[in-house]
Novice: 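What follows is a structure written as structure tokens; I'll ask about it next.
Letters A, B, ... mirror the listed sequences (proteins, then strands); counts begin at 1.
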There are 2 protein chains.
Amino acid sequence: MPTVVLHSAVVDTLGLRITGGALEPGRVLTLDSISAEFGVSRTVAREAMRVLEGLGLVRSGRRVGLVVLGMESWQVLDPRVIAWRLQGPGRVEQLRSLTEMRHAVEPLAAAGAARHAPAAVRARLGEIAGRMRALGEAGEGDHEEFLGLDVEMHELLLRHSGNELFGALTDVVAAVLSGRTALGLMPASPVPGALAQHEAVARAVAGGDADAARRAMEAIVDEVQDALDELP
Amino acid sequence: MPTVVLHSAVVDTLGLRITGGALEPGRVLTLDSISAEFGVSRTVAREAMRVLEGLGLVRSGRRVGLVVLGMESWQVLDPRVIAWRLQGPGRVEQLRSLTEMRHAVEPLAAAGAARHAPAAVRARLGEIAGRMRALGEAGEGDHEEFLGLDVEMHELLLRHSGNELFGALTDVVAAVLSGRTALGLMPASPVPGALAQHEAVARAVAGGDADAARRAMEAIVDEVQDALDELP
DNA sequence: CCTGACCGATTGGTAACACCTTTAGCAAAC
DNA sequence: GTTTGCTAAAGGTGTTACCAATCGGTCAGG
């Protein structure tokens with residue numbers, strides 16, 4: 001998906017290269033080299049460089065050019081950086097980090113949702129859990145739809161957790177949920193235990209029981225974490 | 001602390017205004033208005049705008065100008081956005097969100113550190129805990145030094161948790177730790193219970209006991225969370 | 001009242017320029 | 001030989017001027 005706008009295409013390509021390791025830390029770029037390679041004006045190169053700098057991917061210095069920085073200075077929580085890392089090599093490693101982050105955040109988010117979610121959201125959560133159950137019992141159901149429901153549920157919980165910092169992780173979690181099936185990190189067909197836990201979360205949130213919601217979500221992410229830990 | 005570079009001064013001021021609510025969502029800026037107000041060239045205004053756009057604070061469209069966006073589109077996990085919000089009104093609200101994020105992340109980070117931290121770090125954690133104990137027993141010790149030790153301990157744990165996403169929160173946590181004493185959200189003199197818990201964390205990490213580390217850290221953040229929940 | 005064409009405001013992008021900081025290289029002095 | 005100091009060039013920083021693309025509102029016409 002080529003970005004329509006010129007400068008963001010440059011940002012994208014360069015971001016991908018740096019986070020992917022094609023441009024190692026210490027490498028030096030110049031505005032001229034960028035504008036030459038991409039066939040864009042210096043101004044566009046400067047704008048691109050400015051956002052890369054904001055993401056901690058490069059540091060710009062006079063007489064020195066744009067120095068590529070190492071991961072320790074990246075804004076690894078920025079959605080763009082996450083997306084780039086999910087594309088390049090180290091994709092599995094990134095998925096692991098993100099999963100651990102989910103492990104940390106989602107139980108508290110579920111508890112928050114039990115306290116703060118509006119009635120409509122609580123109701124929708126019930127619907128989702130019910131539909132998931134139905135799909136699960138139908139045996140080889142529509143994996144596509146199941147994934148969609150799963151994503152929507154986690155999105156709703158994060159978005160209505162009452163903490164905007166948790167909300168900022170919704171897209172990331174969605175990417176993880178989609179990504180792990182794509183990577184075969186997860187049984188394609190839903191696990192019965194997970195089904196029950198999702199129902200438990202929906203019930204607890206609907207009933208406003210924050211502690212039960214937290215425990216149920218802990219069970220879900222624990223399972224996921226275990227699956228990931230067994231990999232390589 | 002005025003930023004040396006021109007464009008980042010613009011970014012700072014504008015970022016502060018938007019996150020502080022002085023510029024409400026829907027308000028429209030133009031490059032010309034920016035370059036006029038700050039006395040900078042259009043080019044600089046554009047660079048500033050580009051990073052603001054990357055942070056989700058404004059959306060730029062032709063014939064439309066720069067439209068200020070609401071919090072739901074901000075990159076609330078970006079350190080710059082966090083810093084701005086900690087300065088403006090809503091500072092307490094931001095502190096609350098951040099504290100909840102700590103609550104979510106730090107126990108897992110401590111567990112991770114118990115698994116991954118290098119020997120030097122484990123040793124240093126022991127030193128810190130010991131020094132904190134000494135300061136605490138000395139009664140009215142040096143609050144400044146105590147805070148510094150506290151910050152260093154949490155920094156080390158996050159930085160060596162083995163998860164770079166947790167590591168990205170170090171500065172934030174440091175800001176929270178410093179910020180809450182400044183805001184009087186915390187007893188100036190160390191609580192005995194917290195002292196013991198910090199020692200327990202250090203011991204657990206040194207011994208590689210991930211589960212004990214997690215539990216001890218949970219006790220610490222629970223205490224902090226409770227203190228914050230009692231506010232208004 | 002609705003529809004569609006037009007016009008202008010404003011960003012997107014380009015080009016060429018002056019300036020200033022920083023670094024590297026070299027020479028001179030100790 | 002090592003240190004100090006000068007010099008020159010490289011490359012980001014900031015400015016100005018210009019044209020192209022696009023969207024929003026306005027206004028005319030049905």
Novice: Estimate the overall bend of the helix from dC1(C)-dG30(D) to dC30(C)-dG1(D) from the end axes over five pairs each, rounded to 10 degrees.
Specialist: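 One end's axis against the other's: 20°.
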Novice: Can you tell me how far CG of N163(B) sits from OG of S97(A), rounded to the nearest 0.5 angstrom?
Specialist: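 Answer for the OG-CG pair, S97(A) versus N163(B), is 4.5 Å.
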Novice: Within the structure, does a side-chain N or O atom of H7(A) lie under 4.0 Å from either OP1 or OP2 of dG12(C)?
Specialist: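 Indeed not, no polar side-chain atom of H7(A) lies that close.
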Novice: If you look at every heavy atom in H103(A) and V221(A), which pair is closest and at what distance?
Specialist: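 Looking at all heavy atoms of both residues, the closest pair is ND1-O, 3.7 Å.
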Novice: Looking only at heavy atoms, which two atoms of L177(A) and H154(A) are closest? And how far apart?
Specialist: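 Between these two residues, the closest heavy atoms are CD1-CD2, 3.8 Å.
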Novice: May I have the list of side-chain donor-acceptor pairs in residues 107-116 of chain B shorter than 3.5 Å, sequence neighbours left out?
Specialist:
{"from": "H116(B)", "atom 1": "ND1", "to": "G112(B)", "atom 2": "O", "distance (Å)": "3.1"}
{"from": "H116(B)", "atom 1": "ND1", "to": "S161(B)", "atom 2": "O", "distance (Å)": "3.3"}

Novice: Would you confirm whether R122(A), through its side chain, and V205(A), through its main-chain N or O, come within 3.5 Å as a donor-acceptor pair?
Specialist: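 Yes, because the side chain of R122(A) sits within donor-acceptor range (under 3.5 Å) of the backbone of V205(A).
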Novice: Do the non-hydrogen side-chain atoms of L86(B) and L98(B) ever get within less than 4.5 Å of each other?
Specialist: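 Yes, side chains in contact.
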Novice: Answer with base, sugar-phosphate or nothing: what part of the nucleic acid does R59(B) contact at a heavy-atom distance below 4.0 Å?
Specialist: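 Nothing, no heavy atom under 4.0 Å.
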Novice: Check the phosphate of dG12(C) against R50(B), side-chain N and O only, distance under 4.0 Å to OP1 or OP2. Yes or no?
Specialist: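 Looking at the OP1 and OP2 atoms of dG12(C), one of them is under 4.0 Å from a side-chain N or O of R50(B).
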Novice: What is the distance, to the nearest angstrom, from the CG atom on D32(B) to the C1' atom on dA9(C)?
Specialist: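 Computing the D32(B):CG to dA9(C):C1' distance gives 10 Å.
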Novice: Distance check needed: dA10(D) P versus L31(A) CG, whole Å only.
Specialist: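 Distance, rounded to whole Å: 15 Å.
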Novice: To the closest 0.5 Å, what do you measure between CZ (R50(A)) and OG (S8(B))?
Specialist: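 These two atoms lie 8.0 Å from each other.
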Novice: Without decimals, in angstroms, what is the distance between E47(A) CD and dT11(C) P?
Specialist: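 Computing the E47(A):CD to dT11(C):P distance gives 12 Å.
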Novice: So if I define the base as every atom that isn't primed, P, OP1 or OP2, how would nucleotides 20-26 of chain C read as a B/S/- string at a heavy-atom cutoff under 4.0 Å?
Specialist: -SBS---
Novice: State whether T30(A) places a side-chain N or O below 4.0 Å from either non-bridging phosphate oxygen (OP1 or OP2) of dA10(D).
Specialist: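 Looking at the OP1 and OP2 atoms of dA10(D), neither is under 4.0 Å from any side-chain N or O of T30(A).
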Novice: Enumerate the residue pairs fulfilling salt bridge (charged side-chain N to carboxylate O under 4.0 Å, His left out) with a member in residues 153-169 of chain A, sequence neighbours excluded, ordered by first and then second residue.
Specialist: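 Residue pairs passing salt bridge (charged side-chain N to carboxylate O under 4.0 Å, His left out), neighbours aside: E164(A)-R85(B).
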Novice: Checking R131(A) now: which residues fulfil side-chain contact (heavy atoms from CB on, under 4.5 Å) with it, not counting sequence neighbours?
Specialist: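 side-chain contact (heavy atoms from CB on, under 4.5 Å) list for R131(A), sorted by chain: A134(A), L135(A), E145(A), L149(A).
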Novice: In Å, rounded to the nearest 0.5 Å, how long is the span from CD of Q94(B) to CE of M101(B)?
Specialist: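 Result: 10.0 Å between the selected atoms.
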Novice: For nucleotides 14-16 of chain C, tabulate all protein N/O to nucleotide N/O atom pairs closer than 3.5 Å, reporting atom names and distance.
Specialist:
{"from": "dT14(C)", "atom 1": "OP2", "to": "S41(A)", "atom 2": "N", "distance (Å)": "2.9"}
{"from": "dT14(C)", "atom 1": "OP2", "to": "S41(A)", "atom 2": "OG", "distance (Å)": "2.9"}

Novice: Check whether any side-chain heavy atom of V68(A) lies under 4.5 Å from a side-chain heavy atom of V28(A), and answer yes or no.
Specialist: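 Not touching, per the 4.5 Å side-chain cut-off.
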